[in-house]
There are 2 protein chains.
Amino acid sequence: MDVDRKDLRILKAIADEETRSPERIAELTDVPLSTVHYRIDSLRERGIIRNDHYDIDMAALGFPITFIVEVIAEHGEGYREDVGDRLLEIDGVTQVYFAAGDTDFIAISQLSDRSMVESLVSEFESMDGVVRTKSTFTISTLRDGHEPLQQYSMETLVDELLDQER
Amino acid sequence: MDVDRKDLRILKAIADEETRSPERIAELTDVPLSTVHYRIDSLRERGIIRNDHYDIDMAALGFPITFIVEVIAEHGEGYREDVGDRLLEIDGVTQVYFAAGDTDFIAISQLSDRSMVESLVSEFESMDGVVRTKSTFTISTLRDGHEPLQQYSMETLVDELLDQER
DNA sequence: AGTGAAAGTTTAGGATC
DNA sequence: GATCCTAAACTTTCACT
């Protein structure tokens, strides 16, 4: 059920080469083509690989601004859940996290221009159950999260995910 | 060069159905199959669709914790650039934004367990040029950013991306 | 936009460990 | 249960209309 070293080699090749081609993965990992197919199927069954899809570059499409809003919600009877649900309904909000500590939610959105930023800010501020918001306007994206496994060394993957070293 | 309504219909179908199959896209959009192929090629050439790849579910793989760190850097001679570069080198840091305002950087990481959180926090704190950090531990992910276009209504897309309404 | 043949990719069957 | 080969089935690309 758990991943093994061969799975990790395949996943790392997928992320590093940004490929979906079993042929290419087979070359890079020295795992035979048909085994690559078998392993990818199995990773999909285990929910580790989701659907295969296209990666849409939001900046290239016309939404170059990443806007991050921290939200402090009222702390009583289901307010937090309500606010969370309403954050999810706002157009352009692509990530929402529920957090521990001073901040209750962090919402990240991809926007087209300043007017879209302004209308988003006013949507957040007029939202029922919201006590305070803190917005961060990003100047540049040093790294987007589109291929997360690239940011782990094989060593970290092995250390963190495999129980028994041998 | 710019996208038109037909491009947006295709992109929205890709995001909503999480599909990569031109046949399925053709069905959903009523655009002929060969035109879907042609349009997807053209979107790729324009950089709007990047590579097609697998979506790796970091939580399912074994990195269920999203950890968000705001970094305030020293404000002199290239300190900011240095800090940015060093943030990018840390294992597990999947998104880094350079921001305007009180916070200079926002780094988002996907981690396996508390011990990985602790070692990341100490890496951040011991980093040269870092004045202060504020960490946010997320309890749950209400939405990850893996299919951003799902979070835009067709109306918003048309309003924000197409110049001339007709 | 559409057609159809060529090229490429994935699935399925069966042998092996 | 995992592996790996081969061949059939399917999908995509490409030259042409």
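In what follows, chains are A, B, ... by sequence order, proteins preceding strands, each numbered from 1.
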Quick one: bend of the helix from C:dA1-D:dT17 to C:dC17-D:dG1 from 5 pairs per end, to 10°?
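The end-segment axes of the helix from C:dA1-D:dT17 to C:dC17-D:dG1 are tilted 30° relative to each other.
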Expressed in angstrom and rounded to an integer, what is the separation of [X] atom [atom1] from [N] atom [atom2]?
{"X": "A:Y38", "N": "C:dT9", "atom1": "OH", "atom2": "P", "result": "23 Å"}
{"X": "A:R9", "N": "D:dT3", "atom1": "CZ", "atom2": "P", "result": "11 Å"}
{"X": "A:D7", "N": "D:dA2", "atom1": "CG", "atom2": "C1'", "result": "11 Å"}
{"X": "A:D30", "N": "D:dT3", "atom1": "CG", "atom2": "P", "result": "15 Å"}
{"X": "A:D2", "N": "D:dA2", "atom1": "CG", "atom2": "P", "result": "13 Å"}
{"X": "A:D4", "N": "D:dG1", "atom1": "CG", "atom2": "C1'", "result": "13 Å"}

Under 4.0 Å between a side-chain N or O of A:K6 and OP1 or OP2 of D:dT3?
yes
State whether A:R39 places a side-chain N or O below 4.0 Å from either non-bridging phosphate oxygen (OP1 or OP2) of D:dT3.
yes
Measuring from [X]:[atom1] to [Y]:[atom2], what's the distance to the nearest 0.5 Å?
{"X": "A:F124", "Y": "A:S135", "atom1": "CZ", "atom2": "OG", "answer": "7.5 Å"}
{"X": "A:E89", "Y": "A:E123", "atom1": "CD", "atom2": "CD", "answer": "10.0 Å"}
{"X": "A:E160", "Y": "B:L111", "atom1": "CD", "atom2": "CG", "answer": "8.5 Å"}

Look only at the side chain of B:Q150 and the backbone of B:A15, and say whether a donor-acceptor pair between them is shorter than 3.5 Å.
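Looks like yes, one N/O pair under 3.5 Å.
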Residues B:K134, A:E70: salt bridge by 4.0 Å N-O rule:
yes
I need the single residue from B:L8, B:D4, B:T156 that forms a side chain to side chain contact (heavy atoms under 4.5 Å, CB included) with B:L161. Which is it?
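Exactly one candidate clears the test, B:L8.
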Side chains of B:N51 and B:H53: do they bring a donor and an acceptor to under 3.5 Å?
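B:N51 vs B:H53: no donor-acceptor pair found between side chains.
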Count the heavy atoms belonging to other residues, nucleotides or ligands that lie under 6.0 Å from CZ of A:R44, then report whether that count exceeds 12.
yes
Looking at B:F137, is B:R114 sitting on its ring face, NZ or CZ under 6.0 Å from the six-membered ring centre and within 45 degrees of the normal?
yes
Between the protein and nucleotides 11-14 of chain D, list the N/O to N/O atom pairs that are separated by less than 3.5 angstrom.
from: D:dT13; atom 1: OP2; to: B:H37; atom 2: ND1; distance (Å): 3.2

